Every structure is written in C-alpha cells, then in structure tokens.
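All values derive from a computational prediction rather than experimental measurement. Excluded from the calculations below are hydrogen atoms, water molecules and symmetry mates; all remaining heavy atoms, backbone and side chain alike, are included.
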Amino acid sequence: MTERYVELHAHSAFSFLEGASVPEDLAGACAEFGMPAMALVDRNGVYGAPRFHMAAKKAGIRAHIGSEITAPTATLIPCWRKRAKVIKICAAW
C-alpha cells in the first residue's frame, strides 16, 4: 500500500500575509505531485474557494473547503463536506 500526502491546511493569496499562491496554482501543484485532494482554509473567510473548487475539478482532484476563523480566545478550522452548509455559513457571516 502506498501512502499519499494530503494537505489539509493550505492558505491562498486571499489570506493576506499568510498565503502566496493563487488557488489555481495550488490545485495545479496538488495534481502535479499526485495528491488526491487538498483543503483550502483561508483566514476568516472562504475567499479563494470558488476559484479553487473550479481549478481542482479541472485538475481531477478533490477540493475540501474550510476557513481558519480567528476568535478572541482560540483559532477554529471548520471544514464543510456539503456545499449547502458553506453557503449557509457565508450568508450568516
């Protein structure tokens, strides 16, 4: 059995001062290295999610969407499995 690496905490350039790559480059690198999936967790929002989702679909990898939410006492990293939940959370934001 071959173990595969999956990045579960990637920031895009939409996370100011935290990530440097645009979502399309992240999906392309993921596919280039043979990774089956990647999670994009921009800080305090899902800013790069639409572009990452489309690029991942085109590259043939699974896109996992989340957000690194900074709270006064902790940092939370929720990842959503269903698109409807992402839309509901973003609407409430």
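Contacts of Arg43 classified as side chain to side chain donor-acceptor pair (under 3.5 Å), with partners at least two apart in sequence or in another chain: Glu18, Glu68, Thr70. For the ring-ring contact (aromatic ring centres under 6.0 Å, His included) test, no residue two or more places apart in sequence or in another chain qualifies with His53.
Checking side-chain atoms of His11 against main-chain N and O of Val41 turns up a donor-acceptor pair under 3.5 Å. Without hydrogens or angle criteria, Ser67 side chain to Asp42 main chain gives a donor-acceptor distance under 3.5 Å.
Interatomic distance, CG of Leu40 versus SG of Cys30, reported as 11.0 Å (0.5 Å rounding).
Annotation: side chain of Met35 is not in contact with side chain of Ile61 (no heavy-atom distance under 4.5 Å).
The shortest non-hydrogen separation linking Ala56 to Ala27 is N-CB, 3.8 Å.
Linking Ile, Leu, Val, Met, Phe, Trp and Tyr residues whenever their side-chain heavy atoms come within less than 4.5 Å places Phe33 and Phe52 in a single cluster. Tyr5 and Leu26 fall within the same hydrophobic cluster, where Ile, Leu, Val, Met, Phe, Trp and Tyr residues are linked whenever their side-chain heavy atoms come under 4.5 Å apart, directly or through other members.
Through chains of ILVMFWY side-chain contacts below 4.5 Å, Phe16 is grouped with Leu17.
For the side chain to side chain contact (heavy atoms under 4.5 Å, CB included) test with Met38, the passing option among Glu7, His9, Arg62, His64 is Glu7; the others fail.
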